[in-house]
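Encoded as structure tokens, the structure appears first; notes follow it.
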Amino acid sequence: MSALNKQAYSTRDLVYDTLKQQILSLELPPGTAISEKEISLGFQVSRTPVRESFVRLAQEGLLEVYPQRGTYVSLIHVDLVEEARFMREHLERAVIRLACAHFPAEQMSALEQNLTLQQQCLKEPDDRRMFQLDEEFHSTLFAGCNKSKTWTVIEQMSVHLNRSRMLRLSSDHHWDHLIEQHRSMVQAIQQQDADQAERLAQEHLHLTVTDLSMLRDTYASYFQ
């Protein structure tokens with residue numbers, strides 16, 4: 001790859017990755033209007049990498065492009081939130097049962113360290129950091145069961161679910177129950193109690209259903 005192509009590739013990815021993170025973290029809330037011109041000026045790049053990033057984000061369901069009207073951050077689709085939750089719940093219940101049969105010491109250590117960092121987030125609330133730790137906790141479960149590619153598929157399906165989760169974390173910093181559920185899941189794995197671990201995983205991921213109802217009432221303009 002030539003130096004010029006590498007630069008173009010890097011710029012395109014930078015714009016795409018940054019915009020995607022801003023959308024998923026709600027820095028760019030659902031319904032926000034954005035334009036190629038404003039974004040290209042903000043990044044100090046030409047419109048080409050911005051246009052290409054818009055196409056990718058639209059394909060992932062994070063942007064809506066309306067001819068003659070403009071481009072907007074997509075609203076959170078309730079049906080897609082539920083579908084992603086359904087898939088993630090059933091796959092994670094299966095994975096945590098595998099973890100109870102065998103889970104490497106290295107990944108168990110990573111889970112315990114993750115719990116320590118989550119606990120620290122209670123003292124100095126940081127929505128993005130807590131979301132990142134939550135994601136790392138669950139991805140470690142899949143990695144420990146040699147199911148990292150399954151986790152990748154879940155992530156691809158979860159853009160609407162993840163925005164609703166981020167909204168929940170940012171709207172209420174009382175994360176004690178969330179962390180305690182994580183801790184109980186780790187203890188069940190250590191005790192090789194597959195039935196208890198699966199029950200905890202189901203309860204943990206089913207919280208999204210209750211949270212979604214509350215979020216739709218509070219942030220009605222964010223949802224479709």
Side-chain angles (χ1 to χ4, degrees), residues 4-89 91 126-136 138-139 149-171 205 208-209 211-224:
L4 182 61
N5 285 340
K6 285 183 179 179
Q7 179 62 38
Y9 181 80
S10 299
T11 300
R12 185 166 60 244
D13 277 6
L14 173 64
V15 174
Y16 165 78
D17 289 339
T18 303
L19 286 176
K20 184 170 183 177
Q21 183 55 42
Q22 289 175 338
I23 293 171
L24 291 177
S25 68
L26 305 177
E27 183 178 339
L28 288 174
T32 301
I34 61 175
S35 72
E36 289 182 9
K37 180 179 179 181
E38 291 175 352
I39 298 300
S40 61
L41 288 173
F43 281 93
Q44 297 185 328
V45 298
S46 71
R47 289 198 183 189
T48 298
V50 176
R51 185 177 302 114
E52 292 171 346
S53 297
F54 277 22
V55 170
R56 290 177 67 184
L57 292 168
Q59 290 172 340
E60 293 177 18
L62 291 174
L63 289 182
E64 296 284 353
V65 181
Y66 299 100
Q68 312 305 319
R69 289 175 51 194
T71 300
Y72 297 82
V73 176
S74 68
L75 299 180
I76 300 173
H77 292 244
V78 174
D79 289 345
L80 295 177
V81 171
E82 169 52 25
E83 186 173 354
R85 183 208 63 79
F86 175 85
M87 180 182 70
R88 178 168 171 175
E89 177 189 323
L91 288 173
D126 182 331
D127 308 337
R128 294 189 187 185
R129 180 60 174 152
M130 187 61 193
F131 180 84
Q132 178 185 17
L133 289 170
D134 192 353
E135 288 289 273
E136 289 175 0
H138 291 276
S139 67
K149 290 189 181 300
T150 304
W151 177 256
T152 298
V153 173
I154 290 174
E155 286 291 271
Q156 291 170 347
M157 279 280 293
S158 297
V159 292
H160 291 275
L161 171 62
N162 286 346
R163 283 195 293 167
S164 70
R165 289 173 53 219
M166 186 67 201
L167 189 58
R168 177 67 177 84
L169 288 173
S170 63
S171 63
L205 292 166
T208 304
V209 177
D211 291 344
L212 186 58
S213 178
M214 178 272 291
L215 293 172
R216 290 179 69 185
D217 289 340
T218 308
Y219 302 94
S221 64
Y222 283 7
F223 288 88
Q224 177 174 322

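Residue indices begin at 1 and follow the sequence shown.
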Where do Leu26 and Arg128 land on the side chain to side chain contact (heavy atoms under 4.5 Å, CB included) test, with the steps shown first?
CA-CA 10 Å; Leu26 305 177; Arg128 294 189 187 185; over 6 Å; no
Test item: [X] side-chain N/O and [Y] main-chain N/O as donor-acceptor pair under 3.5 Å:
{"X": "Thr18", "Y": "Val15", "value": "no"}
{"X": "Thr218", "Y": "Leu215", "value": "no"}
{"X": "Ser158", "Y": "Ile154", "value": "yes"}
{"X": "Ser35", "Y": "Glu38", "value": "yes"}

Give a yes or no on this: more than 12 heavy atoms of other residues, nucleotides or ligands lie within 6.0 Å of atom CZ of Arg129.
yes
Does a sphere of radius 6.0 Å around CD in Glu136 hold more than 12 heavy atoms from other residues, nucleotides or ligands, not counting ones at 6.0 Å or beyond?
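Yes, the 6.0 Å shell around CD holds more than 12 heavy atoms from other groups.
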Find out whether [X] and [Y] are in side-chain contact, i.e. whether some heavy atom of one side chain is under 4.5 Å from a heavy atom of the other.
{"X": "Gln44", "Y": "Thr11", "result": "no"}
{"X": "His77", "Y": "Glu83", "result": "no"}
{"X": "Asp127", "Y": "Met166", "result": "yes"}
{"X": "Leu63", "Y": "Val55", "result": "no"}
{"X": "Ile39", "Y": "Phe54", "result": "yes"}
{"X": "Glu135", "Y": "Arg165", "result": "yes"}
{"X": "Val50", "Y": "Val45", "result": "yes"}

I'd like to know if Glu155 and Arg88 make a salt bridge, using a cut-off of under 4.0 Å between side-chain N and carboxylate O.
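So Glu155 does not pair with Arg88 through a salt bridge.
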Taking only Lys NZ, Arg NE, NH1 and NH2, and the carboxylate oxygens of Asp or Glu, determine whether Arg47 and Glu52 approach each other closer than 4.0 Å.
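Salt bridge flag = no for Glu52 with Arg47.
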Return the minimal non-hydrogen interatomic distance between [X] and [Y], and the atom names on each side.
{"X": "Pro49", "Y": "Ser53", "result": "O-OG, 2.8 Å"}
{"X": "Val159", "Y": "Leu24", "result": "O-CD2, 3.8 Å"}
{"X": "Ser164", "Y": "Ile76", "result": "N-CD1, 4.2 Å"}

Output, in order, the C-alpha distance, side-chain angles, deciding distance and verdict of salt bridge (Lys or Arg N to Asp or Glu O under 4.0 Å) for Asp17 and Arg56.
CA-CA 10 Å; Asp17 289 339; Arg56 290 177 67 184; 5.6 Å; no
Parallel, tilted or perpendicular, as decided by the 30° and 60° cut-offs, for the rings of Trp151 and His138:
parallel
List the steps and the verdict of side chain to side chain contact (heavy atoms under 4.5 Å, CB included) for Phe223 and Leu75.
CA-CA 5 Å; Phe223 288 88; Leu75 299 180; 6.0 Å; no
Just verifying a value: how many Å separate [X] [atom1] and [Y] [atom2], rounded to the nearest 0.5 Å?
{"X": "Met130", "Y": "Ser170", "atom1": "CE", "atom2": "OG", "answer": "13.0 Å"}
{"X": "Thr48", "Y": "Arg12", "atom1": "OG1", "atom2": "CZ", "answer": "10.0 Å"}
{"X": "Leu19", "Y": "Leu28", "atom1": "CG", "atom2": "CG", "answer": "7.0 Å"}
{"X": "Gln22", "Y": "Leu57", "atom1": "CD", "atom2": "CG", "answer": "10.5 Å"}

Could you list the residues that satisfy side chain to side chain donor-acceptor pair (under 3.5 Å) with Glu60, not counting sequence neighbours?
Tyr16, Lys20
Sequence neighbours excluded, which residues qualify as ring pair (Phe, Tyr, Trp, His ring centres under 6.0 Å) partners of Tyr222?
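Tyr219.
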Under 3.5 Å donor-acceptor pairs involving side-chain atoms of residues 64-74, not counting sequence neighbours:
residue : atom : partner : partner atom : Å
Ser74   : OG   : Gly61   : O            : 2.7
Ser74   : OG   : Leu62   : O            : 3.4
Ser74   : OG   : Arg163  : NH2          : 3.0

